[in-house]
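Let me begin by presenting the structure, written as structure tokens, before commenting on it.
Since this is a predicted model, take the numbers as computed values, not measurements. Scope of the values below: all heavy atoms of this structure, side chains included, with no hydrogens, waters or symmetry mates.
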Amino acid sequence: MPNAPIARREAGSDPYRWLEDRDAAEVLAHLQAENAHLEAQLADQADLRERLFQEIKGRIRETDLSLPSPWGAYLYYQRTTAGDEYPRHYRCPRPADGSLQVDDAREELLLDPNQLADGGFLSVGSLAISPDQRLLAYSLDSSGDEIYRLFVKDLASGELTALPFDNCDGSLTWANDNRTLFFAELDDTHRPHTLYRHRLGDTSAETVFVEPDGRFFLHCFRSSSERQLILELGSKTTTEAWVLNADAPDGRFTCLAPREEGHEYEVDHGRVEGEWAWLIRSNQSGINFALYQASGSTPTRAEWRELVGHDPQVMLDGFSMNAVAYVLSLREGGLPVLQVHAQGLAPYRVQLPDAAYSLYVSDTLEFDSPAIRLRYEALNRPAQVRQLDLASGEQRILKQTPVEGPFDADAYVSQRLWARAADGARIPISLVARRDLLDGERPRAPAPLYLYGYGAYGSCLDPWFSHARLSLLERGCIFAIAHVRGGGELGEAWYRAGKLEHKQNSFDDFIACAEHLVAEGYTRPERLAISGGSAGGLLIGAVLNQRPELFAAAIAEVPFVDVLNTMQNPDLPLTVTEYDEWGDPGEPEAYARIQAYAPYENVKAQAYPAILAIAGYHDSRVQYWEAAKWVAKVRALGTGDRPVLLKVDFDAGHGGMSGRYQALRDVALEYAFLLGTALRADAD
């Protein structure tokens, strides 16, 4: 087998710190050597990788039209074309009959990312149409570092203006005068900290708000009613909202409730029972949040009136509004639930066919619309856009993501299992497998299994469908998601039980899920592969240190594995605001706690499973050197003979490669690696 690159070790507690010197010739040479070693190590998988790519691409409808969204005189939509990396953005006149039929002969091309990318990386941040629909404001990141350039296009003349501002976060918010734009600037730690007001035609922008606290990010957006602008300032534990009449953009924002440590709230403006009103989601009466209502142009906290009380068993995740209803996004029993409060009607819940699924409001359409759109999918069911009539509760499937070639959703079984952690907590697992691998609800025999996890920031890993995953399922593999503590699947308490001093619970839960799947006969350790990205990469790194014998292979994407060193460097992007999630290692107790589980610090002389780590050279959230240092240390100290590989995407950031075919090739590489190391059932 080809020899792996051996990184130079220096004296001290961090022997590979030299890899943090981004542009040094020695560092670049080492990273390029890692990529060369990966290709050499996986050379015998080249045919399988290409087959996987063609399989996955073959299931995707390469030329397709998104579901058009009506707004004013137009339908807005995207069109994908075979061979193109990115969808093009269009609009056409809205049919008089109220249908969604696109008029190809009269459509306007708004934006073509394929032309703008010119074969390189491209991420479109905001696409914001002015209220009079004459102007398009948009933002572009051309390197993956999440620093955006801003543009305004006159849709009648095609005239394009590049706005003369740097270090922008990509957000763009129109006022109702159609000439005032609000945008945010990043500070040296990549935090949106200053809000600016720019009037088209000017060469400068006016500072509106500066947030000095490094824990707080700012974000400006339009309310559902389109009558208000909302400036939200938020840390991991505290929020503060300011509002401004969208018809008076030269005015001052007014604070609704001054920040109070631990008080989180969010606001929106619309109609409730026919009257203009504010809705406020707040945790002031309990950790699972309650809903409040207020009237007036700037409702202060004293005017909030409870509309839906706190429920210790049900999490109020969010809400949406329009002129005739508001919809609550709830979490109950680990699953999302939508509850509709339509004008003049008793509240009702949206009914769905599957036991484990993903569901959210994808589009509230126009403010006065009698319907909204939902996105629904399950592990075995491709994503559907469903239209919900708010008054009747009737659902209609407008579009289902197509799967080209043979596919039958009923050929796969989706299950919800529960593992038991050592402290007695029940941990949900979502699982999908070919029906013939199961005998009723039980596995017929141990099979290759791919277990995924995240478990941080209160984020919910609701089950999702994947065209690519079918290549594993068709080869006899099982796919599962471990919904560990630190995520938000079971409410705020579930999140808090997996952060700060309770972070070890996330790792224990993931291990408990793996052990449960082995004990119940779904798989065996030598056929069990695991994966996670970013904070999920920290999860993977930690469990590999703590129970390496339980797993055969692991993929860690942009993994946050150097958490202790990163959290001691406040000059890095995001560090200060992350103290509320992991702790401030400047405090001795927090330092000891993080040191006890930090993946990089806890690598030791033991046999590790096969590892593939993936890093983005321009990643501003998790720096490339975290994966590089971790791989170097595992390779130096590990006693086993399994491959430990690093792939560095030199043209990507935190989200990986930007083009759809580029992304599919990355998935094919990962799947080939797994099929060659752990998921060996019918690999050919």
Side-chain angles (χ1 to χ4, degrees), residues 125-126 139 145-148 165-173 182-197 205-223 228-244 252-268 278 280-284 287 289 298 300-301 304 317-318 456-459 488 492 495-496 499-500 534-535 560 563 566-587 590 620-622 654:
S126 292
S139 57
D145 61 5
E146 300 182 66
I147 298 175
Y148 290 82
F165 309 116
D166 299 319
N167 297 321
C168 298
D169 77 337
S171 62
L172 288 160
T173 306
F182 292 85
F183 67 92
E185 179 185 63
L186 300 166
D187 67 8
D188 292 340
T189 66
H190 220 79
R191 174 182 67 97
H193 74 122
T194 301
L195 183 71
Y196 288 95
R197 174 167 35 216
E206 175 189 357
T207 300
V208 176
F209 194 98
V210 179
E211 174 52 65
D213 191 328
R215 299 178 304 149
F216 284 77
F217 285 41
L218 63 77
H219 175 55
C220 184
F221 57 97
R222 292 168 65 85
S223 68
Q228 300 285 336
L229 303 179
I230 300 171
L231 172 60
E232 187 175 88
L233 307 162
S235 73
K236 292 289 191 296
T237 60
T238 305
T239 49
E240 180 178 86
W242 298 63
V243 298
L244 174 65
R252 291 178 175 271
F253 281 83
T254 302
C255 184
L256 298 191
R259 70 188 64 175
E260 178 182 297
E261 186 61 35
H263 182 215
E264 298 177 75
Y265 71 98
E266 60 185 270
V267 304
D268 197 6
W278 293 88
I280 305 100
R281 171 183 173 265
S282 165
N283 66 352
Q284 66 180 11
I287 64 172
F289 291 81
T298 54
T300 58
R301 192 171 178 181
W304 299 359
D317 250 358
Y457 306 112
S459 297
E492 182 70 11
Y495 166 43
R496 295 186 182 188
K499 65 182 289 194
L500 295 172
S534 195
F560 186 36
V563 54
T566 293
M567 295 305 295
Q568 292 182 91
N569 187 349
D571 294 330
L572 286 175
L574 309 182
T575 293
V576 173
T577 192
E578 295 285 294
Y579 289 160
D580 290 328
E581 182 74 20
W582 315 101
D584 179 357
E587 301 170 0
S620 61
R621 302 191 189 197
V622 179
H654 195 65

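Proximity of Leu231 to Leu195: side-chain heavy atoms (C-beta onward) are separated by under 4.5 Å at one or more points. Taking 4.5 Å as the limit, some side-chain heavy atom of Thr566 sits within range of a side-chain heavy atom of Thr575. Side-chain atoms of Asp188 and Asp571, non-hydrogen and from C-beta on, never get closer than 4.5 Å to each other. For the pair Glu240/Tyr265, a side-chain contact is recorded, criterion being any heavy-atom separation below 4.5 Å from C-beta on. Residues Glu146 and Arg621 have side chains in contact (heavy-atom distance under 4.5 Å, counting atoms from C-beta outward). You'll find the side chain of Gln228 stays beyond 4.5 Å of the side chain of Arg222, heavy atoms only. At a threshold of 4.5 Å between non-hydrogen side-chain atoms, the residues His190 and Ile147 count as touching. Side chains of Leu186 and Cys168 form no contact here, defined as non-hydrogen atoms less than 4.5 Å apart.
A salt bridge links Glu211 with Arg259: the distance from a Lys NZ or Arg NE/NH1/NH2 to an Asp or Glu carboxylate oxygen falls below 4.0 Å. The existence of a salt bridge linking Lys236 and Glu581 is excluded, since no basic side-chain nitrogen approaches an acidic carboxylate oxygen closer than 4.0 Å. Taking a cutoff of 4.0 Å between a charged side-chain nitrogen and a carboxylate oxygen, Glu260 and Arg301 qualify as a salt bridge.
Remark: the Tyr579 side chain and the Glu587 side chain contain no N/O donor-acceptor pair separated by less than 3.5 Å. Between the side chains of Ser282 and His263, at least one donor N or O sits under 3.5 Å from an acceptor N or O. Between the side chains of Thr239 and Glu232, no donor N or O sits under 3.5 Å from an acceptor N or O.
In this structure, Gly170 and Ser139 approach most closely via the heavy-atom pair O-OG, 2.7 Å.
Side chain of Arg191 to backbone of Phe216: a donor-acceptor contact under 3.5 angstrom is found. In this structure a side-chain-to-backbone donor-acceptor pair under 3.5 Å is missing from Thr300 to Leu256. Listed for the Asn167 side chain is no donor-acceptor partner under 3.5 Å among the backbone atoms of Ala184. Side chain of Asp169 to main chain of Pro192: no donor-acceptor pair is present (N/O by atom type, distance under 3.5 Å, no hydrogens or angles).
Checked against side-chain contact (heavy atoms from CB on, under 4.5 Å), Ala205 has the following partners two or more places apart in sequence or in another chain: Phe165, Phe183, Tyr196, His198.
Geometrically, Arg281 engages Phe289 in a cation-pi contact defined by less than 6.0 Å to the ring centre and at most 45° from the axis.
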